[in-house]
Enquirer: 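Provided herewith is a single structure, encoded as structure tokens, for subsequent inquiry.
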Protein chains: 2
Amino acid sequence: MSGGVEWGLHCCVVLSGSGEPVPAAKLAEFHDVSPSYLAKQLQLLSRAGLVRSTQGQSGGYGLTRPPAEITVLDVVEAIDGSRPAFRCTEVRRRGPLAAPPEKCLTPCSIARVMDAADRAWRESLRAVTIADLAGEVGRTSGPETLARARAWLQT
Amino acid sequence: MSGGVEWGLHCCVVLSGSGEPVPAAKLAEFHDVSPSYLAKQLQLLSRAGLVRSTQGQSGGYGLTRPPAEITVLDVVEAIDGSRPAFRCTEVRRRGPLAAPPEKCLTPCSIARVMDAADRAWRESLRAVTIADLAGEVGRTSGPETLARARAWLQT
DNA sequence: GTCAACTCGGACAGGACGGGTCCGTGGCAC
DNA sequence: GTGCCACGGACCCGTCCTGTCCGAGTTGAC
């Protein structure tokens, strides 16, 4: 999985509840990561409709939906793409004992197993929202942590 | 995910129930794939202890355990490695508002979510065995399909 | 016992994909 | 008008996957 997914999730968490837009450079400085590469990730989030960008002076990024309506899977698919990790190459249709096409109407058993595992993975990520993550941060690091982060981003 | 995983799984399925060892070149011809590259995948399976190799004339590969005791996860981890897809880089400990080390005893919430999804994926793959796959092949493509494949490999 | 053929095993290149960076363009506020 | 900021594309680089090769070891036959 791409390392940018982690950055995108952190950005969404600190952006949750932030009324004013936050510039990409500010987010990069806050997380101490490369500004140019984080900008690319934010572009992907914007293209997926998760964040809205306002241009011009005092512009920046902000969430388009309430954090409770953005799942972790949304962010992962926006940055890493939604293609499944496994792609069946139809090995059964090759070789000296190749299966005839009329027996290949359903996907082969290996592809079905991989697909089921992929769905389980996605369901697990779909069950958690950005709001859940933000609440967890408040519980483990203290409720004032997130508020201080948002205040720093507004300066 | 590596494409070699698919090849390794197909090899394990046709190897299930085959008493005599099968040479790698035979497996490659049967599946119509590159012999040298398939040999590499079989080496990985051998290193993981899933298949046993016998050298010399009339040598080849065979399963070390009954197919019901080899899970799909075993094959996937043998070829693709067992490292989780997500690796937490501890973003919370960087930047101007870095969290102090005494608050980072537990993994951050993002890492926990990713880890849970990874476990769900692995559990789904662990629930299916090579014997299950072989049975599914017999059910969808006819019971004689697997027997003919094994007979062809013995020639 | 010797030979020969066949097998696996690891070491070795080529290439594709994605991570990461940079700059020019267009739009918004002041 | 001027400065700031997001957007899009082109570009370079490292890494992993794909693919190939030759040597070591073993077996079976004679």
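By convention in this document, chain letters (A, B, ...) are assigned in the order of the sequence lines, proteins followed by strands, and residues within each chain are numbered from 1.
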Enquirer: In whole Å, what is the span from the CD atom of A:Gln43 to the P atom of C:dG20?
Expert: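 Checked: the CD to P distance equals 16 Å.
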Enquirer: Please pick, from D:dC21, D:dT27, D:dC5, the nucleotide with the shortest atom-to-atom distance to any side-chain atom of B:Ser36.
Expert: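 Nucleotide nearest to B:Ser36's side chain: D:dC21.
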Enquirer: May I ask you to say what A:Ala39 touches in the nucleic acid, namely base, sugar-phosphate or nothing, with a heavy-atom cut-off under 4.0 Å?
Expert: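 Counting heavy atoms under 4.0 Å across all strands, no contact is made by A:Ala39.
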Enquirer: For A:Arg87 and C:dC17, what is the distance between atoms CZ and P respectively, to the nearest whole Å?
Expert: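 Going from A:Arg87 (CZ) to C:dC17 (P), I get 10 Å.
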Enquirer: Counting any heavy atom closer than 4.0 Å, what does B:Ser2 reach on the DNA or RNA strands: base, sugar-phosphate only, or nothing?
Expert: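 Sugar-phosphate only.
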Enquirer: Using the side-chain heavy atoms of A:Arg83, tell me which of these nucleotides is nearest: D:dG3, C:dG10, C:dG18.
Expert: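 Nearest nucleotide to the side chain: C:dG18.
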Enquirer: Check whether more than 12 heavy atoms from other residues, nucleotides or ligands sit under 6.0 Å from atom CD of B:Glu20, and answer yes or no.
Expert: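 Counting other residues, nucleotides and ligands, CD of B:Glu20 stays at 12 neighbours or fewer.
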Enquirer: For D:dT20 and B:Ser34 - does any side-chain N or O of the residue sit under 4.0 Å from the phosphate oxygens OP1/OP2?
Expert: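 Checking B:Ser34 against D:dT20: at least one side-chain N or O falls below 4.0 Å of OP1 or OP2.
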Enquirer: Just wondering, are more than 12 heavy atoms of other shown residues or ligands nearer than 6.0 Å to CZ in A:Arg52?
Expert: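 Atom CZ in A:Arg52 is not crowded, with 12 or fewer foreign heavy atoms closer than 6.0 Å.
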Enquirer: What nucleic acid atoms does A:Arg52 come within less than 4.0 Å of, heavy atoms only: base, sugar-phosphate, or nothing?
Expert: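 The answer is nothing, as A:Arg52 stays clear of every strand by at least 4.0 Å.
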Enquirer: What does B:Ala25 touch in the nucleic acid at a heavy-atom separation under 4.0 angstrom: a base, only the sugar-phosphate, or nothing?
Expert: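 No contact.
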Enquirer: With a non-hydrogen cut-off below 4.0 angstrom, is A:Gly60 in contact with a base, only sugar-phosphate, or nothing?
Expert: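 Sugar-phosphate contact only.
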Enquirer: I need the CD-P distance between B:Glu6 and D:dC17, as an integer number of Å.
Expert: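 These atoms are roughly 16 Å apart.
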Enquirer: Roughly how far, to the nearest 0.5 Å, is the OG1 atom of A:Thr145 from the CZ atom of A:Arg139?
Expert: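 Nearest 0.5 Å value for the CZ-OG1 distance: 13.0 Å.
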Enquirer: Salt bridge check: are B:Lys26 and B:Glu29 linked by an N-O gap of less than 4.0 Å?
Expert: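 Looking at B:Lys26 and B:Glu29, the cut-off is not met.
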Enquirer: Which pair of non-hydrogen atoms, one from A:Asp80 and one from A:Met1, has the smallest distance, and what is that distance?
Expert: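 That would be OD2-CG, 3.3 Å.
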Enquirer: Let me know, please, whether B:Ser58 or B:Tyr61 comes out on the 5' side of the other along DNA chain C by nearest nucleotide.
Expert: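 Its nucleotide being nearer the 5' end, the pick is B:Ser58.
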Enquirer: Write down the distance between CG (B:Leu27) and C1' (C:dT7), rounded to a whole number of angstrom.
Expert: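 Going from B:Leu27 (CG) to C:dT7 (C1'), I get 13 Å.
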Enquirer: Whole angstrom is fine here: how far is it from CZ in A:Phe86 over to C1' in D:dC17?
Expert: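 Result: 16 Å.
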Enquirer: Provide, to the nearest angstrom, the distance between the CD1 atom belonging to A:Ile79 and the P atom belonging to C:dG18.
Expert: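 One finds 15 Å between P of C:dG18 and CD1 of A:Ile79, rounded.
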Enquirer: Should we count CZ of B:Arg87 as having more than 12 external heavy atoms under 6.0 Å?
Expert: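 At most 12 heavy atoms, drawn from other residues, nucleotides or ligands, come within 6.0 Å of this atom.
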Enquirer: Taking for each residue the nucleotide of DNA chain D bearing the nearest heavy atom, is the 5' side occupied by A:Gly56 or by B:Gly56?
Expert: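 The residue closer to the strand's 5' end, by nearest nucleotide, is A:Gly56.
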Enquirer: Just to confirm, is there a sub-4.0 Å distance from OP1 or OP2 of C:dT21 to any side-chain nitrogen or oxygen of A:Tyr37?
Expert: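 Answer no for this pair, as no side-chain N or O of A:Tyr37 is under 4.0 Å from OP1 or OP2.
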Enquirer: Round to the nearest Å and state the distance from B:Gln41 atom CD to D:dT20 atom P.
Expert: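 It works out to 13 Å between those atoms.
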Enquirer: C:dG9 phosphate, OP1 or OP2: any side-chain N/O from B:Ser46 under 4.0 angstrom?
Expert: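 True: B:Ser46 side-chain N/O within range (under 4.0 Å) of C:dG9 OP1/OP2.
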Enquirer: Does any N or O donor sit under 3.5 Å from an N or O acceptor when you compare the side chain of B:Lys40 with the base of D:dG19?
Expert: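 Side chain to base: pair found, below 3.5 Å.
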Enquirer: Take the protein atom CG of B:Asp80 and the nucleotide atom C1' of D:dT18, then report the distance between them rounded to whole Å.
Expert: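 Taking CG of B:Asp80 and C1' of D:dT18, I get 13 Å after rounding.
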Enquirer: Is a donor-acceptor pair below 3.5 Å formed from side chain B:Gln55 to base C:dG9, judging by atom type as modelled?
Expert: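 Between C:dG9 and B:Gln55, which were checked side chain against base, a qualifying N/O pair under 3.5 Å is absent.
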